[in-house]
Amino acid sequence: MASRVKGNIQLSYGSKEDSKNESVRDQVKFGQSWCSKCGRWGTLGVVKGSDIGKPELPTAVNITWSSINFKTILQWQPKPSGYFYTVEILGKTSDTKKKCIRTEETECDVTDVLKNVKETYTAHILSVTSSRMDNFEEPPYAVSEEFTPYNQTVLGKPEIQNYTQKGSKLNVVFQDPLTPYTFPNGSFQSIRDIFQHDLEYKLYYWKDQSSGKKDATTKSHTFELSVDSSKNYCLYIQGIIPSRRENHNGQESTVLCTSVGRNISDEYGAEVFIIIAVIAIVVITLAIVLPVILCKRKKAKAAREKEPLNGV
């Protein structure tokens, strides 16, 4: 029976059948799993792969996936000192791909290796030095949680291109957020191109200076709503994926308000009338008082000019 040392754990193997059974027991006992694609053992967040007696490099912790409109950044800690990180992306049905090789950063843009957006991926973050890589030694590494872009990327803010209120009709036209992925002609795909019928948009709207919200849903790029023609309305839009278990709602667009029939009171409130009234009072007061003052000064000046003549 042969034996092999992995990290601080010694594994023994006999025949092929014994080896398979032994492997299963090792997984149960030690919480390990064999990565056939990358050719090594691994455990979530656990150091693997060095010989006994060699100091281990620190491994990544707090590994997170940050993804908006399929733009995906992998982040982790700590900042390396005296070593580097290399990222490996493993799909359940795709080959391993390396990114950010020997980086001193603690984040890596992995967007371009996640183009199969319905695939489920994990990331191995290897802690490496030049010598370890050059000698083909197995570096210690940490494993991320699984990530499926189609189910987990956040929907970004839709862009409202036009909104008009004519009478009792409120019309809103908006644009889908774009993704980093392109068509063969080089134009960018939108999130609608990827999600297709799974994507909906919800419009929230309310009377200006009111808190009561209403909503409407569409699968197109437009909304047409019946509203009170005497009131102005505020609104925003967000994308939604009803079929998701989590992350149903996307980011909210900028809040915009109509201005049909809007007067100064609607726009600025009662404060503006107080300011205008104060200014008017000051102007009227000056208009009355200033001529009186000027008249008195003129009379006083005339009186002073006559005094020398009376003295003669």
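Quick caveat, the model's predicted, so the values are computed rather than measured.
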Within the 6.0 Å centroid threshold, strictly below: [X] and [Y]:
{"X": "F183", "Y": "Y181", "answer": "no"}
{"X": "F223", "Y": "Y163", "answer": "no"}
{"X": "F70", "Y": "F195", "answer": "yes"}

* Side chain to side chain, I63 and I125, heavy atoms closer than 4.5 Å ->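 Yes - at least one pair of side-chain heavy atoms lies under 4.5 Å apart.
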When you compare the side chain of T179 with that of I194, does any pair of heavy atoms fall below 4.5 Å?
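Yes, close enough: below the 4.5 Å cut-off.
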When T254, V172, V173 are each screened for side-chain contact (heavy atoms from CB on, under 4.5 Å) with I160, the one that passes is V172
Do [X] and [Y] pair up side chain to side chain, a donor and an acceptor below 3.5 Å, judged on atom types alone?
{"X": "S67", "Y": "T72", "result": "yes"}
{"X": "T148", "Y": "E119", "result": "no"}
{"X": "N62", "Y": "Q77", "result": "yes"}
{"X": "D228", "Y": "Y233", "result": "no"}
{"X": "S226", "Y": "K169", "result": "yes"}
{"X": "S127", "Y": "T59", "result": "no"}

- Query: For the residue pair W65 and F147, does the interplanar ring angle fall in the parallel (under 30°), tilted (30 to 60°) or perpendicular (over 60°) class?
  - Reply: parallel
Should we say atom [atom1] of [X] is surrounded by more than 12 heavy atoms from elsewhere, each under 6.0 Å from it?
{"X": "Q175", "atom1": "CD", "value": "yes"}
{"X": "K231", "atom1": "NZ", "value": "no"}
{"X": "K219", "atom1": "NZ", "value": "yes"}
{"X": "K79", "atom1": "NZ", "value": "yes"}

- Counting only N and O atoms by type, is there a donor-acceptor contact under 3.5 Å from the side chain of N69 to the main-chain atoms of K71?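 Looks like no, no N/O pair under 3.5 Å.
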Salt bridge between R244 and D198, side-chain N to carboxylate O under 4.0 Å?
no
Below 4.0 angstrom, N of the basic side chain to O of the carboxylate: do K97 and D112 qualify?
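No salt bridge links K97 with D112.
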Here the gap from D193 atom CG to S187 atom OG, rounded to the nearest 0.5 Å, amounts to 8.0 Å
- Please report the shortest heavy-atom distance between G212 and W206, naming the atom on each side.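 So the minimum-distance heavy-atom pair works out to O-CB, 3.1 Å.
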- request: For residues 66-128, pull every pair meeting disulfide bond (SG atoms under 2.5 Å apart), keeping only residues two or more places apart or in separate chains.
  value: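 Listed once each, the pairs are C100-C108.
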